[in-house]
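Below: one structure in structure tokens.
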Amino acid sequence: MKLNSNSSIKVPAKAIIPVVTFIVGLVFFWVGVTKFGFWNKEALKPTEGFFPIIIAVALMALSVLAFLQSLKGDKNIELRLINWYVPLGLIAMILLCLVIGTVPSVILFMLFWLKVYEKQSWKCTITVLIIVLLIVVGCFIMWLDIDFPMGIIYDSFFG
């Protein structure tokens with residue numbers, strides 16, 4: 001099956017938000033249990049994870065109920081691949097920041113987005129890239145002295 005920008009899948013419109021909220025509740029539950037705990041047995045009092053765990057359980061339960069309710073409806077929406085370019089680009093940017101560092105990933109993202117997606121000329125792409133790099137390096141690195149993550153590859157060679 002070939003995917004292009006007009007490819008789409010049909011899902012129940014009311015089922016998307018319950019699935020997302022269940023995942024959010026699951027993340028909060030997992031973080032609450034593994035990092036903060038639920039109850040301090042020695043002090044006989046709740047820990048920092050007490051309320052997040054309770055809210056996460058309630059959110060997951062309500063999400064399941066909302067999802068089951070959404071299956072009764074028959075309205076479907078189309079999810080086109082072109083609408084997912086920005087979220088997929090954001091995920092790629094985050095993963096690239098972890099692997100090669102923030103500044104190189106900004107360079108690659110800008111080059112890819114302007115040249116491939118926006119189909120800009122090289123003159124426009126390089127001009128915008130230089131302006132963005134001047135802002136990133138000048139304002140954040142030199143002026144504000146912010147250390148951006150260098151990435152796994154840099155850390156493995158120089159760390």
Testing the basics here: between Val132 and Met110, what is the closest heavy-atom pair and its distance to 0.1 Å?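 Distance-wise, the nearest heavy atoms are CG2-CE, 3.7 Å.
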I need the minimum non-hydrogen distance between Trp143 and Cys139, along with the two atoms involved.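 Here Trp143 and Cys139 meet closest at CB-O, 3.3 Å.
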Nearest-0.5 Å distance, CD1 of residue Ile53 to CH2 of residue Trp30: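 Going from the CD1 atom of Ile53 to the CH2 atom of Trp30 covers 12.5 Å.
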Anything under 3.5 Å between a donor and an acceptor, one on a side chain of residues 120-130, the other on a protein residue two or more places apart or in another chain? List them.
{"from": "Ser121", "atom 1": "OG", "to": "Cys124", "atom 2": "N", "distance (Å)": "3.2"}
{"from": "Thr125", "atom 1": "OG1", "to": "Ser121", "atom 2": "O", "distance (Å)": "2.8"}
{"from": "Thr127", "atom 1": "OG1", "to": "Lys123", "atom 2": "O", "distance (Å)": "2.6"}

Closest contact, heavy atoms only, Ala56 versus Phe28: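 Taking Ala56 first and Phe28 second, the nearest heavy atoms are CB-CB, 4.0 Å.
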Are Met150 and Phe158 connected in a single hydrophobic cluster, I mean Ile/Leu/Val/Met/Phe/Trp/Tyr linked by side-chain heavy atoms less than 4.5 Å apart?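 Looking at the clustering, Met150 is in the same group as Phe158.
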Partner set under side chain to side chain contact (heavy atoms under 4.5 Å, CB included) for Phe112, not counting sequence neighbours: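 Applying side chain to side chain contact (heavy atoms under 4.5 Å, CB included) to Phe112 gives Val116.
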Linked, directly or transitively: Ile135 and Val106 (ILVMFWY side chains, under 4.5 Å):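 Hydrophobic grouping puts Ile135 with Val106.
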Test of ring centre spacing under 6.0 Å for Phe22 and Phe67: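 Centroid separation for Phe22 and Phe67: 6.0 Å or greater.
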So, for Ser105 and Leu96, which heavy atoms are closest and what is the spacing to 0.1 Å?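 What the structure gives for the nearest pair is CB-CB, 3.5 Å.
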Residue pairs fulfilling side-chain hydrogen bond (donor to acceptor under 3.5 Å, both in side chains) with at least one residue in residues 42-64, sequence neighbours excluded: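 Listed once each, the pairs are Thr21-Ser63.
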Could I get the full list of ring-ring contact (aromatic ring centres under 6.0 Å, His included) partners for Phe109, not counting sequence neighbours?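 ring-ring contact (aromatic ring centres under 6.0 Å, His included) list for Phe109, sorted by chain: Trp113.
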Interatomic distance, Phe29 atom CZ to Ile55 atom CD1 [nearest 0.5 angstrom]: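 Those atoms lie 13.5 Å apart.
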Among the clusters formed by ILVMFWY side chains lying less than 4.5 Å apart, do Leu68 and Leu62 turn up in the same one?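 Different clusters.
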Treat each ILVMFWY residue as a node, draw an edge where side-chain heavy atoms are under 4.5 Å apart, and state whether Val137 and Met93 are in one component.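 Linked, Val137 and Met93 end up in one cluster.
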Common cluster, Tyr117/Val86, ILVMFWY with side-chain heavy-atom separation under 4.5 Å: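 Same cluster.
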Give a yes or no on whether Trp39 atom CH2 has more than 12 heavy-atom contacts from other residues, nucleotides or ligands under 6.0 Å away.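 More than 12 within 6.0 Å, yes.
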Measuring from atom CG of Leu134 to atom CE of Met142, what distance do you get when rounded to the nearest 0.5 angstrom?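 One gets 10.0 Å once the value is rounded to the nearest 0.5 Å.
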Quick one: side chain to side chain contact (heavy atoms under 4.5 Å, CB included) partners of Val99, sequence neighbours excluded?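 Per chain and number, Val99 pairs via side chain to side chain contact (heavy atoms under 4.5 Å, CB included) with Ile153.
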Atom CZ of Phe38 with >12 non-hydrogen neighbours under 6.0 angstrom: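 Atom CZ in Phe38 is crowded, with more than 12 foreign heavy atoms closer than 6.0 Å.
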Side-chain contact test, heavy atoms from C-beta onward, threshold under 4.5 Å: evaluate it for Ile141 versus Val103 and give yes or no.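 Yes; the side chains approach each other to less than 4.5 Å.
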Partners of Ile146 by side chain to side chain contact (heavy atoms under 4.5 Å, CB included), sequence neighbours excluded?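 Scan of Ile146 (side chain to side chain contact (heavy atoms under 4.5 Å, CB included), adjacent residues dropped) gives Phe140, Leu144, Phe148.
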Close side-chain approach of Val31 to Phe36, heavy-atom, < 4.5 Å: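 Answer yes - side chains close enough.
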